[in-house]
Amino acid sequence: MEYFLWRVLPLLTILVSFLVLFYLQDSYRAQLHPLSKLPKNKCSLLHHHHFWITSKRIVTPQGIISGSVEINDGRIISITKGYGKQGKSKHEEVIDYGDAVVMPGLIDVHVHLDEPGRTAWEGFHTGTRAAAAGGVTTVVDMPLNNHPTTVSKETLKLKLEAAENRIYVDVGFWGGLIPENALNTSILEGLLSAGVLGLKSFMCPSGISDFPMTTIHHIREGLSVLAKYRRPLFVHAEIQQHSEKNLELNDKGGPRAYLTYLHTRPPSWEEAAIKELVGLTKHTRIGGPLEGAHVHIAHLSDSSASLYMIKEAKRRGDSISVETCPHYLAFSSEEIPNGDTRFKCSPPIRDAHNRDKLWEAVLDGHIDLLSSDHSPTVPQLKLLEEGDFLKAWGGVSTLQFDLPVTWSYGKKHGLTLEQLSLMWSTKPAKFAGLESKGAIAVGNHADIVVWKPEVEFELNKDYPVFLKHPELSAYMGRRLSGKVLETFVRGNLVFKKGKHAPATCGVAILAK
Ligand SMILES: NC(=O)NC(NC(N)=O)C(=O)[O-]
Ligand SMILES: [Zn+2]
Ligand SMILES: [Zn+2]
């Protein structure tokens, strides 16, 4: 008995306290990341929590350096200059990437994952698998094309349930601003309090019946609520214009001619919307009635009058930003084949002159950021066989190719790696309010893409595409440069050499 009291009991007590501590620590973690209830380590192809990455080309906010990045428990804890010169103890791993580029993972703030309700179109699983394979470490999901649309805290809950344990990268959510909730601010406040990063609205029909368009009056109501939360409004800025000229042109080449479609959505649609929006954003200036609100123009296609109005508004101090998408930078209307509806989107892809002016605006910083507007559907609705541009679903499928497409077309225009990472990571993180993301910097999440800009490949049917409908992507058949080797999400190696980790460890990002 004495032996038990003095020898065994103390040991037992120590053992039990260890077990209790271990359990507590685990449940604390589970609270932090509600979507990460998963078998430990399986979401990373690497067994280390503490490791170094070394490379001759690391893109940091201070420029491209040759050096090492130290990662511990998902965060970047140090950055040292000098390739291969990290302070490592013998139990820790150093991954040597040589001259491959180490860059912050891409943040794609405009993605339609279409779940719940339209998983035949895409879904969280395939969409985020494709993102991981493309070096995209965070996506922000749109509130429409999923069913029901994300326009209340209850419908946001459905999104979160659908995403649980099924996302390979981190996912944030936009809420929808529609007439119904714009006129009932308690619904909007509920949605914002539940954690959407901001709101999205359409100034023309969205093509989805439970996502009706908003007028400038609804938008003003929305902005006054958003101002309190200091979160942005994302706007599909086109207002339908009726003109005789457009109707006439429609008939010329028939519905299989791309120009027929192009003429139905002239730049005047974008101009009209942006004109109304800048009439409101003047109130977002310091001291104005909408101070704290911010307007972000989705997928700008028109590089003339629309862009000019945005530049002027910024110059005057309005809180406004603008994005464009890879398809407006890669393609031009002249080259779109008859009947090839993979290129149909709204606003439409315009001529080569317009595209070159968009590139200028990207390079001189007048366009703030890039996003894919990945908006897939099912082949039946894309009408590839009929090739009817007027009836086909509008939307280009891009997500997995954000990086190689921007790089392949951008390098011809003089795009640098620093600009690429500014437009695809740093600026999107700031816009969406993702504080620990968007740059390789001490304290940030270790969200990293490792890639080789010089490696070329052909996007043919042998290429591993993880999107649900690879054949719908307008990039299939193209030769691209920029091969993604590996992708880290918060220090987890989620993709390597064409393979994904066996489990998912993406988390839902909710605004507080
Ligand atoms: N309902 C949609 O997804 N529409 C999208 N369609 C495009 N861009 O053609 C969009 O973002 O406007
Ligand atoms: Zn849109
Ligand atoms: Zn969209």
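Numbering of ligands and ligand atoms starts at 1, following listing order.
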Using distance alone, determine whether Lys200 and ligand 1 share an N or O pair under 3.5 Å.
-> no
Pull out every atom of ligand 1 sitting under 4.0 Å from any heavy atom of Cys345, numbered as shown with elements.
-> 9 (O)
The closest protein heavy-atom partner of atom 5 (C) of ligand 1 is Ser375 OG, 3.8 Å
Please work out whether any backbone atom (N, CA, C, O) or any side-chain heavy atom from C-beta onward of His299 is under 4.0 Å from ligand 1, and answer side chain, backbone, both or neither.
-> side chain
When Phe457, Trp407, Phe495 are each screened for ring pair (Phe, Tyr, Trp, His ring centres under 6.0 Å) with Trp451, the one that passes is Trp407
Answer whether the closest heavy-atom distance between the side chains of Glu238 and Met203 falls below 4.5 Å.
-> no
Any N/O/S atom of His299 sitting less than 2.8 Å from the Zn ion (ligand 3), backbone or side chain?
-> no
Identify, by atom number and element, the atoms of ligand 1 in contact range of Ser206, meaning under 4.0 Å from any of its heavy atoms.
-> 1 (N)
Cation-pi, Tyr409 ring and Lys412 (6.0 angstrom, 45 degrees) | yes
Ligand-residue contact atoms, ligand 1 with Trp393, heavy atoms, under 4.0 Å = 1 (N), 2 (C), 3 (O)
Measure from NZ or CZ of Arg129 to the centre of the six-membered ring of Tyr168 and say whether it is under 6.0 Å with the direction within 45° of the ring axis.
-> yes
Could you find the nearest protein heavy atom to atom 6 (N) of ligand 1 and give me its residue, atom name and distance?
-> Gly394 O, 3.2 Å
Would Lys159 count as a cation-pi partner of Phe173, with NZ or CZ less than 6.0 Å from the six-membered ring centre and within 45° of the ring normal?
-> no
Those atoms of ligand 1 less than 4.0 Å from some heavy atom in His110 | 11 (O)
Kindly say whether the aromatic ring centers of Phe331 and Tyr475 come within a distance under 6.0 Å.
-> yes
Nearest non-hydrogen protein atom to atom 4 (N) of ligand 1, with distance, is Phe202 CZ, 4.0 Å
Using a distance-only test with no angle check, is there a side-chain donor-acceptor pair under 3.5 angstrom linking Glu115 and Thr119?
-> no
Nearest to atom 12 (O) of ligand 1, what protein heavy atom do you find, and at what distance?
-> His236 ND1, 2.9 Å
Salt-bridged, Glu291 to Arg285, with N to O below 4.0 Å?
-> no
Under 6.0 Å between ring centres, would you say that holds for Phe431 and His296?
-> yes
What angle, in degrees and rounded to 10°, do you get at the Zn ion (ligand 3) when you join it to NE2 of His112 and to OD1 of Asp373?
-> 100°
What N/O/S atom of His236 is the closest to the Zn ion (ligand 2)?
-> ND1
Would Phe211 count as a contact of ligand 1 if the rule is a heavy atom under 4.0 Å away?
-> no
Using only N, O or S atoms, tell me which atom of His110 is closest to the Zn ion (ligand 3).
-> NE2
Can you find a non-hydrogen atom of Ser346 under 4.0 Å from ligand 1?
-> yes
Among Asn145, Asp373, Leu144, Thr377, closest by heavy atom to atom 11 (O) of ligand 1 is Asp373
Closest non-hydrogen atom pair, Arg256 against Glu386 = NH1-O, 2.9 Å
Got an N/O contact under 3.5 Å between Lys344 and ligand 1?
-> no
Pairing of Arg342 and Glu471 as salt bridge, 4.0 angstrom limit = no
